[in-house]
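Side-chain atoms are counted along with the backbone in the values below, which use heavy atoms only and exclude waters and symmetry mates. All chains are named by letter (A, B, ...) in the order of the sequence lines, taking the proteins before the strands, and each is independently numbered beginning at 1.
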There are 2 protein chains.
Amino acid sequence: MTRDSRGPFAATCPTRHLLDQIADKWSMLALIAIDSAPRRFNALKREIEGISQKVLTQTLRRLERNGLISRSVAPTVPVSVTYAITPLGHSLAVMMETMRTWSIANIDSILAAQSCYDHSRSEAQSLK
Amino acid sequence: MTRDSRGPFAATCPTRHLLDQIADKWSMLALIAIDSAPRRFNALKREIEGISQKVLTQTLRRLERNGLISRSVAPTVPVSVTYAITPLGHSLAVMMETMRTWSIANIDSILAAQSCYDHSRSEAQSLK
DNA sequence: CGGTATCCCGGGTGATACTG
DNA sequence: CAGTATCACCCGGGATACCG
């Protein structure tokens, strides 16, 4: 199952590695947020609506592990921890921004397609 | 919780809508695959290594619902179902391709960062 | 071939409490 | 402030069987 390497969709493909790590909405949102300016933990938690502190911690750890953000601790009392973007992370964030622009430009088309799809499905339902 | 609209990370932001729908690796992989050429169900299942038919079905339904791919049924016996990219889906797939290129170019940096991170963590472990 | 339907399990997630 | 620890839950996803 993991012994193949015959195509771009094989489990060993770099694309798969990357997607396994960062292809979830919280990672992308956190990356975009930190890219715009360095942030502290609770600032991020407040800004990224709906994320729990546990998931935020996990997300930040994963981004840090992949070298996309940096974590720096200032020895104050109480300690203040700041997350900042790395060059590698910034180059990725640039693409995320492109996606943001795309989503804003095309959200109407997507919503229209959704309501169209849902409408035809509800018709099918009423026939059952 | 859903009544806010005060920033780019609010739950109502178009970016959030998009990410909620397509920010998972299976959606992205399926979109890339179908973008390169129209495919049939089992062809996709064979090509996208590791996906189950249940998840593939769910993924294709979601992409179809969002107007990113089209599903056409040929009334043969047995039926043959073909999935193709839409103009909207293609414009998104172009960005996915950009990410693919990026991941290939930067996979080494990420793997290096990972092993560096893991190494420093294992040191911390041994001190406990 | 291209799916649904059903069962079932593991771990991802949220809530809560505690710490340096 | 910035986390870790613990627990309980629930549902995403695999396995299997069946349908048009």
Distance check needed: [N] [atom2] versus [X] [atom1], whole Å only.
{"X": "K54(B)", "N": "dG3(C)", "atom1": "NZ", "atom2": "C1'", "result": "13 Å"}
{"X": "D24(A)", "N": "dG12(D)", "atom1": "CG", "atom2": "C1'", "result": "15 Å"}
{"X": "Q58(B)", "N": "dC11(D)", "atom1": "CD", "atom2": "P", "result": "14 Å"}
{"X": "K45(A)", "N": "dT13(C)", "atom1": "NZ", "atom2": "P", "result": "15 Å"}
{"X": "Q53(A)", "N": "dG14(C)", "atom1": "CD", "atom2": "P", "result": "9 Å"}
{"X": "L56(B)", "N": "dG2(C)", "atom1": "CG", "atom2": "C1'", "result": "10 Å"}

At under 4.0 Å, does any side-chain N or O of [X] touch on OP1 or OP2 of [N]?
{"X": "Y83(B)", "N": "dG3(C)", "result": "yes"}
{"X": "R62(B)", "N": "dG12(D)", "result": "no"}
{"X": "S52(B)", "N": "dG14(D)", "result": "yes"}
{"X": "R40(A)", "N": "dC1(D)", "result": "no"}
{"X": "R61(A)", "N": "dT4(D)", "result": "yes"}
{"X": "R71(A)", "N": "dA2(D)", "result": "no"}

Between D20(B) and R62(B) (salt bridge meaning N to carboxylate O under 4.0 Å), is one present in this structure?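 No salt bridge links D20(B) with R62(B).
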Of all the heavy-atom pairs spanning L63(B) and A30(B), show the shortest one and how long it is.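 Answer, listing the atom of L63(B) first, then A30(B): CD1-CB, 4.0 Å.
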I need the minimum non-hydrogen distance between W102(B) and I110(B), along with the two atoms involved. CZ3-CD1, 4.0 Å
Look only at the side chain of S72(B) and the backbone of T82(B), and say whether a donor-acceptor pair between them is shorter than 3.5 Å. yes
